[in-house]
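By convention in this document, chain letters (A, B, ...) are assigned in the order of the sequence lines, proteins followed by strands, and residues within each chain are numbered from 1.
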Amino acid sequence: MTLLRIENLQIQAGEFQLCDISFSISTGDYCIMAGETGAGKTFLLESIIGVHRCLNGRIYLDEKDITCMLPEYRGIGIVYQDHALFPHLNVFNNIAFGLKKQFPKKKRQEKVHAVAEALKIDHILKRPIDNLSGGEKQRVAIARAIVVRPRLLLMDEPFSALDPLTRQKMRRLLRRVIRQHRMTVLHISHDPADMWLLANKVAYMHEGRLLQFDTLETMLNNPAHEKVSEFFGRPSNRGKRIRFFPPRPAATREAY
Amino acid sequence: MQQLNIFKLILIGITGLVTLLLAITIGSLLFVPSLASIRQNLGSPELLYSLKLSLCTASAATLFVMLLALPVGYTMSRFQFAGRRLVKTVLDLPIAFPELVLGLCLLLFFGSDHVAAALKKVGIELVFTRQAIVAAQIFTALPYTIRIIRTTFDYVSPRYEFISRSLGYTHFETFMRVALPMAKKGILAAAVIAFARSIGAFGAVLILAGGTYMKTDVLPITLFLNISYGNLDLAVTAGLVMLAVSFLAIYIFEKTEADL
Ligand SMILES: Nc1ncnc2c1ncn2[C@@H]1O[C@H](COP(=O)(O)OP(=O)(O)OP(=O)(O)O)[C@@H](O)[C@H]1O
Ligand SMILES: [Mg+2]
């Protein structure tokens, strides 16, 4: 079933413009979006949560037109690359932030503890956020977004600031939590491992346009655009891919 | 041996000279009157009156200024709208404006028949009264305060607010729960500057409120009146009191800026 459908979306930000973006995400999908810096990935995510005004096009969530709906009524969560944890709140209150309006204190505590346990941060709930490690901050940010059970979770390069080993652990943890909560995700990342191990769909953006949105296999074998093949590689006459895009990491596959 | 960086030495030298010059000028206030006369003047009815009046009017002005500067500063930091450039110019104009001209404008505006009549209906009689002091102080302090608050919000990434809204809080709730707490220190600093500017406002106060002895007689007016009477000691004492207030203000300001 289609969860998010975007039709011919066009949004302006100063000099920059998102042009004619169309795609749809089904319930349970895990989409990973890549693209050069400045392609407008972050801006697209912010447009989906609803903080930028659309010039043209429509956004549907569950077949309901939300193009003009205020962000607070959309139920779409976002996790930023730089965590953006509230500095004036401790870990517990950061995670509980989105629950304050709907749930009584007892219920809030239950929910926060449950999600903190799943993300292995239940031991730091009382800490202020400024002396957490990067990996801990990122988990707190993810916890804050998923504790309210958003209908759609958007993540903007959540692992890019982590070292490779932590990144691997985080990926595994995230995958488990996402499956557990049956969440639909749109995740921005340039990491082939993320695409291989998390995604069932992959997208590529360039200069405000969505060039291709498909399965990873199709992106690899049938790139729709020069830029896509630059990133994912393209089959040559001799059947080998010209550019390097690492194959599915076999060694870690069992671990997932 | 380390080679000499002559440019750096000269710059440090100039900075030292300027600091010395400022310190000597400000310090001269301390050396004119005798300690006994300062103590006596501090207890004089006129100074007590003007100190009290200054504190009251400046507090009231600060309150109004903050109520206005918060929404305006936030708007100028966050929103794009038609005519934004013009609005920004108008808001910044009074900073480069001579205070006396500002006072004259205020007098012409509030003294005009229509405005005066309209204000009288809601019980405000502005020109040459104590309320005029507050009004003049508000107009003097407002542009600076708006600037500080705008800069403060510029330093708070809007992403925090996007997150808050995606978690179900309305824009107003987000402002109260995220933007304000995160800008807390800058807002405190802005209030301190607003207060200090209000205490020190002279030109606009003199023109709009008139400098009436023991009526619209705030500290800067006391200073001015006493110089013209030739009562230098009382003038200096008023100056010292204002100096103390500004030192305190700058101290608090720097302290909050430091851990911003
Ligand atoms: N609010 C805004 N106002 C004006 N321009 C903006 C705004 N937000 C983004 N832009 C511009 O839009 C372009 C795309 O920015 P965006 O942050 O979405 O890129 P990105 O694909 O996320 O890049 P990166 O991979 O480096 O994060 C940039 O040129 C940026 O300067
Ligand atoms: Mg980005």
Side-chain angles (χ1 to χ4, degrees), chain A residues 12-15 42-43 45-53 61 66 69-90 93-103 108 129-130 140-156, chain B residues 66 70-71 73-88 148-191 252 255-260:
Chain A
Q12 186 92 32
E15 308 271 281
T42 304
F43 193 65
L45 293 196
E46 288 177 352
S47 307
I48 297 174
I49 60 170
V51 293
H52 301 299
R53 224 186 59 215
L61 190 69
I66 59 162
M69 187 187 267
L70 291 172
E72 50 265 36
Y73 305 117
R74 296 190 182 200
I76 301 177
I78 189 162
V79 175
Y80 279 106
Q81 180 175 16
D82 53 1
H83 354 282
L85 297 176
F86 300 122
H88 57 294
L89 303 175
N90 67 8
N93 286 321
N94 260 283
I95 302 177
F97 188 81
L99 298 169
K100 280 237 169 74
K101 270 182 96 169
Q102 307 158 22
F103 298 100
R108 285 208 296 268
I129 59 121
D130 42 14
V140 176
I142 293 172
R144 175 179 63 183
I146 64 179
V147 74
V148 296
R149 296 296 197 114
R151 290 198 276 175
L152 172 66
L153 179 64
L154 310 178
M155 290 194 281
D156 190 359
Chain B
M66 291 307 286
L70 272 173
Y74 184 76
T75 304
M76 295 311 288
S77 163
R78 283 288 185 273
F79 306 136
Q80 303 294 327
F81 49 87
R84 192 191 132 90
R85 281 276 258 299
L86 184 70
V87 172
K88 189 169 172 296
I148 297 172
I149 288 186
R150 192 216 306 156
T151 325
T152 305
F153 282 125
D154 282 345
Y155 277 106
V156 178
S157 162
R159 288 185 175 180
Y160 294 97
E161 293 168 42
F162 296 166
I163 290 174
S164 162
R165 297 192 66 190
S166 78
L167 288 170
Y169 290 94
T170 63
H171 204 158
F172 175 68
E173 288 165 339
T174 296
F175 179 73
M176 301 302 286
R177 283 168 175 269
V178 177
L180 277 190
M182 286 187 69
K184 186 174 67 191
K185 284 176 180 152
I187 291 169
L188 182 66
I252 298 176
K255 212 167 152 81
T256 50
E257 281 258 291
D259 37 44
L260 207 63

Checklist outcome for this item: Correct closest heavy-atom pair for Arg159(B) and Thr42(A) would be NH2-CG2, 3.7 Å
Item to check | Under 4.5 Å from a heavy atom of chain B, the part of Glu46(A) involved | outcome: side chain
Item to check | Contact summary for Gly77(A) and Ser166(B), nearest pair of heavy atoms | outcome: CA-OG, 4.4 Å
Next on the checklist: Restricting to non-hydrogen atoms, name the atom on Tyr73(A) and the atom on Thr170(B) that form the minimum distance, rounded to 0.1 Å.
Outcome noted: OH-CG2, 4.2 Å
Checklist entry - Counting heavy atoms not belonging to Met176(B), are there more than 12 under 6.0 Å from its CE? => result no
Next on the checklist: So for Leu154(A), is it side chain, backbone, both, or neither that comes closer than 4.5 Å to the heavy atoms of chain B?
Outcome noted: neither
Checklist outcome for this item: Ranking Pro71(A), Pro87(A), Gly75(A) by heavy-atom pairs under 4.5 Å to chain B gives rank one to Pro71(A)
Next on the checklist: Does Phe172(B) have more than 12 heavy atoms from other residues, nucleotides or ligands lying within 6.0 Å of its CZ?
Outcome noted: no
Checklist entry - Is it the backbone or the side chain of Ser157(B) that comes under 4.5 Å from a heavy atom of chain A, or both, or neither? => result neither
Checklist entry - Is chain A contacted by the side chain of Gln80(B), its backbone, both, or neither, given a heavy-atom distance below 4.5 Å? => result neither
Next on the checklist: Nearest 0.5 angstrom please: Leu167(B) CG to Lys100(A) NZ, how far?
Outcome noted: 11.5 Å
Item to check | Top contributor to chain B contacts, counting heavy-atom pairs under 4.5 Å, from Val51(A), Leu70(A), Val147(A), Asp82(A) | outcome: Val51(A)
Item to check | Selection from Ile76(A), Leu99(A), Val148(A), Val79(A) maximising heavy-atom pairs under 4.5 Å formed with chain B | outcome: Ile76(A)
Checklist entry - side chain to side chain contact (heavy atoms under 4.5 Å, CB included) between His88(A) and Lys184(B): does it pass, once the steps are laid out? => result CA-CA 10 Å; His88(A) 57 294; Lys184(B) 186 174 67 191; 5.8 Å; no
Checklist entry - At a heavy-atom separation under 4.5 Å, does Ser164(B) approach chain A through its side chain, its backbone, both, or neither? => result both
Next on the checklist: Restricting to non-hydrogen atoms, name the atom on Glu72(A) and the atom on Tyr169(B) that form the minimum distance, rounded to 0.1 Å.
Outcome noted: CB-O, 3.4 Å
Next on the checklist: Does atom CZ (Arg53(A)) have a neighbourhood of more than 12 heavy atoms from anything else shown, all under 6.0 Å?
Outcome noted: no
Item to check | Check against side chain to side chain contact (heavy atoms under 4.5 Å, CB included), Ile163(B) and Phe97(A) | outcome: CA-CA 10 Å; Ile163(B) 290 174; Phe97(A) 188 81; 6.0 Å; no
Item to check | From CA spacing to verdict: side chain to side chain contact (heavy atoms under 4.5 Å, CB included), Ile49(A), Phe162(B) | outcome: CA-CA 8 Å; Ile49(A) 60 170; Phe162(B) 296 166; 4.0 Å; yes
